[in-house]
Number of protein chains: 2
Amino acid sequence: MKCIYCGSEESKVIDSRAVEETNAIKRRRECIKCGKRFNTYEKVEVVPMLVVKNDGTRQAFSIDKIKAGIMRACEKRPVSMQEIDTLVNEIERKVYNTMQEEISSKKIGEFVMDGLKQLDEVSYVRFASVYKQFKDISTFYDFLLSYEQSARPKTKRKSKTQK
Amino acid sequence: MKCIYCGSEESKVIDSRAVEETNAIKRRRECIKCGKRFNTYEKVEVVPMLVVKNDGTRQAFSIDKIKAGIMRACEKRPVSMQEIDTLVNEIERKVYNTMQEEISSKKIGEFVMDGLKQLDEVSYVRFASVYKQFKDISTFYDFLLSYEQSARPKTKRKSKTQK
DNA sequence: TAGTTTAACACAATATTTTGTGCTTTGCAA
DNA sequence: TTGCAAAGCACAAAATATTGTGTTAAACTA
């Protein structure tokens, strides 16, 4: 394990403890060369499950990835971790209920979009821009316009309702 | 290390190799109970440095976080990993050149925005929506309008230049 | 500011991992 | 379909990590 301070390849473990909550092993290491200390974490590699993408290919499914995507979309937004966890659990349940051994990525995307739309509209737009792969700025406009016309026909553009 | 298949706490290492590229140790483990195998990765904990936020508080700085933020903004965009790495290196260099022992988060945000603006405009808008904490949908409009008026005065809204 | 929780630190006996070498399998590309 | 690269597999000798116990320092909260 390379030392982050001096770059030396040599370091040794001076303490090692299990972190139950995150299923990890935390190690405290000391660089042989410069003597500085740092921590490392050992974690399980993400497990593969099957998601069928639009082009027919299969890919690993992980609820953590879904959660990460949602958390990104909600970054600095007034959405609590608890709300996210609730949504993630709901999605996981929906996924397992729907699926035999596979589920389409389209379906998963819809679950997430549906949930986010209820939770926070900025997060919803952000997620859509990634999920639907907006190609340029005009796609943002188009999406915003059609969203406001369909889902929130009475919203005034300039209103800033959230503090 | 808990087995991801049967949940048992007992597993043993059957192989262990360094992964030079990512500065990690990859271990192959076998569950004592069910005998199934899985991989784990040990990585260095992110290192703390000092960033001064707008409200005056100090926070850990990590170039990895910057990179992660950029990668999020570039998700599913035609921006190569190499381009991102170049930008990240440039930012890291700028940060270290600017800084005594601290740097303002504003400054870092500007470095990133400057770089992304050159690289990809959709990524740029996404990053801005997080960095500048867009409050609602109208903020998107306002930002897009002022961006197009200042940076790209001749761009037509409906043009879809990228494939 | 006292009380509490978490991280760092130390140490030693025991047990496990590391590492070189090399063969096999699988996935991907030519 | 052939060939290469990466991952999995195996083994054994040597080296290192693990884990209980306990102390101290730091951060957080009531």
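The sequence lines fix the lettering, A, B, ..., with proteins before strands; numbering per chain opens at 1. Scope of the values below: all heavy atoms of this structure, side chains included, with no hydrogens, waters or symmetry mates. Since the structure is predicted, the reported quantities are computational estimates derived from the model, not experimental observations.
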Between [N] ([atom2]) and [X] ([atom1]): distance, integer Å:
X       : N      : atom1 : atom2 : result
A:Met1  : C:dT19 : CE    : C1'   : 15 Å
A:Lys12 : C:dA10 : NZ    : P     : 11 Å
B:Arg29 : C:dT18 : CZ    : C1'   : 13 Å
A:Arg27 : D:dT16 : CZ    : P     : 15 Å
A:Ile25 : C:dA7  : CD1   : C1'   : 18 Å
B:Glu30 : D:dA10 : CD    : C1'   : 12 Å
B:Glu20 : D:dA6  : CD    : P     : 13 Å
A:Glu10 : D:dA15 : CD    : P     : 13 Å

Report task. Check the surroundings of atom NZ in A:Lys12: do more than 12 heavy atoms from other residues, nucleotides or ligands lie under 6.0 Å from it? Result -> no

Query raised in the report: Do B:Cys31 and B:Ser8 come close enough that some side-chain heavy atom pair is under 4.5 Å?
Result: yes

Query - Salt bridge B:Arg27-B:Glu42, side-chain N to carboxylate O under 4.0 Å - result: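 Looking at B:Glu42 together with B:Arg27, the answer is yes, because their closest N to O distance falls below 4.0 Å.
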
**Report entry** Pair A:Lys2 + A:Glu10: basic N to acidic O under 4.0 Å
**Finding:** no

**Report entry** Closest heavy-atom pair and its distance - A:Phe127, A:Gly69
**Finding:**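 The pair with the smallest heavy-atom distance is CD1-O, 4.1 Å.
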
Query raised in the report: Are B:Val13 and A:Met1 grouped together when hydrophobic residues (ILVMFWY) are joined by side-chain heavy atoms under 4.5 angstrom apart?
Result: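 B:Val13 and A:Met1: separate clusters.
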
Query raised in the report: Angle, rounded to 10°, between the helical axes spanning five pairs at each terminus of the helix from C:dT1-D:dA30 to C:dA30-D:dT1?
Result: 90°

**Report entry** Spacing of CZ belonging to A:Arg77 relative to CG belonging to A:Leu116, to within rounding of 0.5 Å
**Finding:**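 A:Arg77 atom CZ to A:Leu116 atom CG measures 11.5 Å (nearest 0.5 Å).
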
Between the protein and nucleotides 7-9 of chain D, list every N/O to N/O distance that falls short of 3.5 Å.
residue	atom	partner	partner atom	Å
D:dG8	OP1	B:Asn39	ND2	3.4
D:dG8	OP2	B:Lys26	NZ	3.1
D:dG8	OP2	B:Asn39	ND2	3.4
D:dC9	OP2	B:Arg28	NE	2.6
D:dC9	OP2	B:Arg28	NH2	3.3
D:dC9	OP2	B:Arg37	NH1	3.1
D:dC9	O5'	B:Arg37	NH1	3.3

Query raised in the report: Quick one: are the ring centres of B:Tyr124 and B:Phe143 less than 6.0 Å apart?
Result: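 Under 6.0 Å, so yes.
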
Query - side chain to side chain donor-acceptor pair (under 3.5 Å) partners for B:Arg28, two or more places apart - result: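 In terms of side chain to side chain donor-acceptor pair (under 3.5 Å), with neighbours along the sequence ignored, B:Arg28 is linked to B:Asn39.
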
